[in-house]
Amino acid sequence: MRQSSLNENEALTTALPSPEMVREQKIYRTFGLTDAEYARAVELLAREPNYVETGIFSVMWSEHCSYKSSRKVLRRFPTQGPQVLQGPGENAGIVDIGDGLAVAFKIESHNHPTAIEPYQGAATGVGGIIRDVFTMGARPIALLNSLRFGELDHAHTRYLFAESVAGIGGYGNCIGIPTVGGEVVFDNRYQQNPLVNAMCVGIMTHDQIATGSASGVGNPVLIVGARTGRDGIHGATFASAEDPHAKERSAVQVGDPFMEKLLLEACLELIATGQVVGIQDMGAAGLTSSSAEMASRAGSGLTLDVALVPCRETGMNPYEIMLSESQERMLVVMRQGAEEVAKKIFEKWDLQATVIGRVTDDGMLRVLEGGVVAAEIPVSALVDEAPLLDRLALRPAYLDELREDAPVLAQPSDFVAELAELLARPTIASKQWVYDQYDSMVRTETFVRPGSDAAVVGIPGTKKAIALVTDGNGRQVYLDPYEGGLRAVAEAARNLVCSGARPLAVTDCLNYGNPEKPEVFYQFERSVDGLATACEALQTPVISGNVSLYNESNGVDIYPTPVIGMVGLIEDRERIVTSEWKMPGDEIYVVGALSHALLAGVGGSEYLALRQPDASLKYRLPTFDLEQEVRLQQYLLACAQQGLLQSAHDVSDGGLLVTFAESAITGGRGAEVQFDFAVQREGRAIESDELLSLFFGEGVSLVVITAKPESAGALSRLANEHQVALTRVGVVASTPFLRVSVDRQLYVHADIWQLQAAWRGAIASWMKH
Amino acid sequence: MDVLAKIYVTLKESVLDPQGAAVSHALHALRYDTVSDVRIGKYMEVTLSAGSEQEAHQLVRGMCDQLLTNPVIEKYTYELVEA
Amino acid sequence: MDVLAKIYVTLKESVLDPQGAAVSHALHALRYDTVSDVRIGKYMEVTLSAGSEQEAHQLVRGMCDQLLTNPVIEKYTYELVEA
Amino acid sequence: MKCAVIQFPGSNCDFDAVKAIEATIAQPVDLVWHTATDLSQYDFIVVPGGFSYGDYLRAGAIARFAAVMKEVERAAADGRFVLGICNGFQVLTEAGLLPGALRRNESLQFRCELTELVVANAATAFTRHYQEGERIVIPIAHGEGNYYADEQTLRRLQTNGQIVFRYAQGCNPNGSIDDIAGIVNERGNVLGMMPHPERAIHSRLGSEDGTKVFTSILQVWRETHAAIQS
Ligand SMILES: Nc1ncnc2c1ncn2[C@@H]1O[C@H](COP(=O)(O)OP(=O)(O)O)[C@@H](O)[C@H]1O
Ligand SMILES: [Mg+2]
């Protein structure tokens with residue numbers, strides 16, 4: 001197979017620096033390889049790597065591709081369960097939803113590109129995650145996005161936010177996959193490092209599952225889709241660079257959603273022929289990582305000739321072709337002799353499918369340029385021998401300085417004004433300005449559009465539907481990495497349950513600062529412990545995910561921000577539950593320990609951040625009761641499945657009053673709500689702290705549900721069975737007023753249309769600036 | 001003085017221009033066979049007043065760098081015309 | 001001969017240009033106070049070969065009228081540069 | 001009534017249109033690839049929504065040159081029914097089958113929401129089952145739906161009753177002149193509209209008000225067909 005020696009190659013092919021120059025001038029450092037890593041590469045090769053090989057090592061061993069900081073920690077996640085058909089390790093995870101059907105999903109970050117070219121950065125993030133899903137043989141049916149930006153009073157933040165949203169919409173709308181949900185949080189901690197995490201969900205039959213494995217000696221390897229240009233060379237390396245602007249050195253990729261739509265259709269048609277051995281999308285580190293990973297999974301080798309790769313630009317050398325991050329490309333291994341099948345299908349879609357190499361059995365990734373060897377590296381050296389770090393983790397001092405007592409906050413004289421102000425905070429306000437820019441309805445299966453606790457999408461040809469959500473709360477994870485981790489998973493699952501869905505599995509996007517700082521690494525480890533524990537308890541294994549580190553600028557790290565993407569199953573689409581209040585006369589209940597809600601305080605809450613911004617990082621997060629949470633969720637699910645719920649909405653950002661207000665606004669209905677603590681308190685009057693904790697605290701898992709009066713008996717029987725606290729607190733009114741009193745004293749008497757104005761218009765009015 | 005700045009923004013050569021590619025393809029389908037390349041960019045006309053030609057140059061360059069283009073993927077040229 | 005056609009497409013005067021208005025607004029916010037008007041159009045570079053200059057003109061006009069512009073809302077001018 | 005839904009590269013509401021035809025009027029329907037050169041067997045042709053050819057250059061500008069468009073033109077000339085939805089409307093205006101043009105939304109943003117429409121002409125083949133002046137809710141999803149026609153054309157549309165749907169007062173989502181959401185050609189057999197009736201055929205989707213577009217056509221077709229046969 002080997003056609004010429006490496007020395008000849010140097011002379012013959014390119015004018016790239018020699019291996020000696022790479023060593024002597026320490027060129028590897030500019031690629032992001034450390035001295036020790038370079039030495040290790042020399043050892044593994046038993047010679048000095050040439051320029052191309054050095055480039056290949058550097059991207060494969062970058063944080064982005066090798067997960068060298070995080071890999072060990074990620075092993076703590078539970079990944080198994082009867083529903084799991086494909087766990088982590090492939091392009092996307094897959095869970096069974098019965099009837100021979102399965103759902104594939106994954107979430108991925110595109111934070112660094114977005115910081116410097118928000119439209120294209122966000123757009124190509126969406127493009128990448130869609131490829132991950134259709135690579136598995138699944139038809140993408142829904143997208144979600146989880147976003148973090150600085151505060152909107154900053155012009156540059158508004159630019160980043162507006163362009164990112166436009167880019168996400170631009171890609172998803174064009175390709176015809178509905179964007180059905182997500183979240184947006186605004187906090188100055190993200191001003192320099194916005195987070196854009198995109199999630200894609202696809203549907204498939206069990207027999208369509210494709211994987212990214214290059215097996216079968218002699219099988220042809222094809223590159224399909226877009227031509228290769230000099231886009232984003234070394235993007236993977238720079239994604240791990242401290243300063244996102246360092247990435248400017250490499251070109252940012254421009255996405256072509258039209259091309260991807262064709263690629264998607266062509267690939268699904270190709271996979272359906274049964275002639276595909278393996279298929280993998282080309283994301284970070286392009287041809288290099290896709291080929292190495294495919295060979296590694298099969299324990300095989302690959303020989304590729306870059307001269308056969310269709311290029312967009314002239315004069316591209318092997319280094320550039322191997323490292324290009326041009327979008328909308330895939331690597332496909334076909335059965336021998338089936339090349340024509342691929343070519344025919346791709347021709348119909350006006351796309352190229354070009355054989356560029358073969359599968360071998362010698363475990364080598366061999367790159368030729370017109371038959372001449374340009375690089376030759378054992379696949380195992382790139383993948384299995386990639387560095388694995390034991391980063392130092394140190395408990396940050398700030399955690400021990402957090403105060404346990406309640407912050408001193410004056411009791412507001414006007415709770416309605418307080419509530420309106422909270423509702424107008426961009427993090428809490430309606431995200432309609434965002435999701436109206438997304439086509440959330442294409443495919444005509446979106447039963448619950450953005451705006452409820454979770455989105456719900458129908459499964460054609462069945463009675464089933466799936467519920468989808470992303471959730472994360474960086475400030476809470478910062479205040480308590482472990483408990484914050486628990487909460488992130490619990491909240492995602494709770495949102496699914498509130499829509500009537502049984503949570504199935506998790507995909508996670510772990511966004512953190514610089515892992516070389518022991519304090520940041522501690523946050524990472526401890527929060528993963530929290531996430532893992534909650535996933536275990538809620539029986540939602542992690543089936544796919546993504547890690548984004550080095551979200552840091554000028555020495556300031558973002559909050560540790562794990563984002564949880566979760567999918568749940570609704571067996572009967574007639575049993576979907578939404579969050580808006582429905583009928584006057586429906587009874588309102590709070591599920592969960594209300595008595596604790598009085599005492600848990602406002603630590604970690606949006607309310608504290610609003611009232612005392614300086615104190616918002618100084619008070620402890622209330623502790624979280626995971627067992628209680630599990631029972632609460634099982635109870636809600638049982639209620640939903642028996643059709644007892646008219647609405648359900650969990651208490652999250654902003655606390656209980658915000659939850660009431662949102663259900664009132666979206667339902668266009670007021671309510672009469674009365675809490676009665678007098679008896680249990682033996683007449684002692686409620687204190688100001690307790691009132692604030694009840695109204696604005698975010699410490700205790702609570703869900704507000706409404707039900708028809710005749711359901712009362714069944715609801716409380718089930719509550720006894722599941723040992724959860726259920727308190728009837730009021731009724732949905734026929735007037736548009738939300739009235740809330742505690743121990744017979746009226747605190748809130750709000751016109752819901754006024755609340756609506758505050759809530760609905762807030763982001764739009766910022767964006768008019 | 002009143003100036004009309006004509007600003008031409010194009011994608012950098014190395015950056016993919018999907019729009020240009022699609023149009024090129026369409027022109028071929030319409031039998032414009034001799035077309036070898038199409039790049040699509042933006043054309044902006046900005047009318048402004050400035051104290052001097054030099055200031056006009058400064059202003060136009062400023063707005064191009066700050067707002068009208070993103071140097072990561074685009075480049076621009078411009079002309080000034082007395083308006 | 002190889003020709004580069006530089007084509008400038010703008011909205012007709014009678015057609016509102018919301019994009020221009022938005023950019024103008026943004027420039028004012030950035031304190032470019034002397035900007036009085038912004039119009040935004042397209043700039044296209046088409047490389048082609050033609051037997052003569054006259055043929056090049058014909059080809060470019062043809063593709064502009066047929067595909068590159070919509071006469072209901074747009075107008076265009078172009079220049080030919082020897083490539 | 002035989003129905004066709006055209007597929008361009010980049011169409012993405014093609015399957016939704018098929019589903020809607022099956023669900024509302026249960027007539028035979030085929031997906032027809034853009035290279036097709038014979039549509040003579042079809043009575044009703046839908047040019048669906050999406051981003052044909054990426055909507056690059058201008059929405060619909062490239063699709064209008066697809067081979068199948070000659071056949072769509074022929075169908076229109078024959079008096080058969082053509083319905084352009086969203087991108088389909090853009091294609092039909094670019095092709096000159098309908099007057100005017102669709103510009104970028106005034107907000108410069110893509111918009112997807114349920115919009116309230118008023119049926120401005122309930123006498124067309126496409127709106128027979130609505131009441132004149134009826135308010136209906138149908139979703140939109142577009143970035144370039146801002147309808148424009150010069151004054152003369154607009155006046156002609158108005159006097160001929162060619163304006164079929166208007167956005168309800170105060171609900172114009174894109175800046176269209178005279179709140180225009182959908183128009184027919186003079187002959188009345190070609191309708192273009194930005195809102196998506198195929199997305200409004202079941203309460204689960206938020207509205208079923210789009211159903212009557214399909215049932216109207218079927219009824220008119222049946223009447224003319226019966227007339228021809230007798
Ligand atoms: N970036 C976004 N894209 C799409 N939908 C969004 C986005 N941000 C928020 N939403 C939608 O707005 C609603 C409220 O979001 P959020 O306040 O995060 O809900 P919750 O507190 O229940 O998690 C949800 O339906 C969510 O899907
Ligand atoms: Mg919620």
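Lettering follows sequence order; numbering is per chain, from 1.
No part of B:Val3 comes within reach of chain C, as not one of its non-hydrogen atoms sits under 4.5 angstrom from that chain. Interface remark: C:Leu59 contributes backbone and side-chain atoms alike to the contact with chain B (heavy atom separation under 4.5 Å). Contacts of C:Leu30 with chain B are made by side-chain atoms alone, with heavy-atom separations under 4.5 Å and no backbone atom involved.
Contact tally against chain C (heavy-atom pairs below 4.5 Å) for B:Leu67, B:Ile40, B:Val9: the top residue is B:Leu67.
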Scan chain B against chain C and return every donor-acceptor pair whose distance is under 3.5 Å.
from: B:Tyr32; atom 1: OH; to: C:Gly62; atom 2: O; distance (Å): 3.4
from: B:Tyr32; atom 1: OH; to: C:Met63; atom 2: N; distance (Å): 3.2
from: B:Tyr32; atom 1: OH; to: C:Gln66; atom 2: OE1; distance (Å): 2.8
from: B:Thr34; atom 1: O; to: C:Ser49; atom 2: N; distance (Å): 3.2
from: B:Thr34; atom 1: OG1; to: C:Ser49; atom 2: O; distance (Å): 2.8
from: B:Ser36; atom 1: N; to: C:Thr47; atom 2: O; distance (Å): 2.7
from: B:Ser36; atom 1: OG; to: C:Thr47; atom 2: O; distance (Å): 3.4
from: B:Asp37; atom 1: N; to: C:Thr47; atom 2: O; distance (Å): 3.4
from: B:Asp37; atom 1: O; to: C:Thr47; atom 2: N; distance (Å): 2.8
from: B:Arg39; atom 1: N; to: C:Glu45; atom 2: O; distance (Å): 2.9
from: B:Arg39; atom 1: O; to: C:Glu45; atom 2: N; distance (Å): 2.9
from: B:Gly41; atom 1: N; to: C:Tyr43; atom 2: O; distance (Å): 2.6
from: B:Gly41; atom 1: O; to: C:Tyr43; atom 2: N; distance (Å): 3.0
from: B:Tyr43; atom 1: N; to: C:Gly41; atom 2: O; distance (Å): 3.0
from: B:Tyr43; atom 1: O; to: C:Gly41; atom 2: N; distance (Å): 2.6
from: B:Glu45; atom 1: N; to: C:Arg39; atom 2: O; distance (Å): 2.8
from: B:Glu45; atom 1: O; to: C:Arg39; atom 2: N; distance (Å): 2.9
from: B:Thr47; atom 1: N; to: C:Asp37; atom 2: O; distance (Å): 2.8
from: B:Thr47; atom 1: O; to: C:Ser36; atom 2: N; distance (Å): 2.7
from: B:Thr47; atom 1: O; to: C:Ser36; atom 2: OG; distance (Å): 3.4
from: B:Thr47; atom 1: O; to: C:Asp37; atom 2: N; distance (Å): 3.4
from: B:Ser49; atom 1: N; to: C:Thr34; atom 2: O; distance (Å): 3.2
from: B:Ser49; atom 1: O; to: C:Thr34; atom 2: OG1; distance (Å): 2.8
from: B:Gly62; atom 1: O; to: C:Tyr32; atom 2: OH; distance (Å): 3.4
from: B:Met63; atom 1: N; to: C:Tyr32; atom 2: OH; distance (Å): 3.2
from: B:Gln66; atom 1: OE1; to: C:Tyr32; atom 2: OH; distance (Å): 2.7

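Taking all atoms of both residues into account, the shortest heavy-atom contact from C:Leu68 to B:Val23 is CD2-CG1, 3.6 Å.
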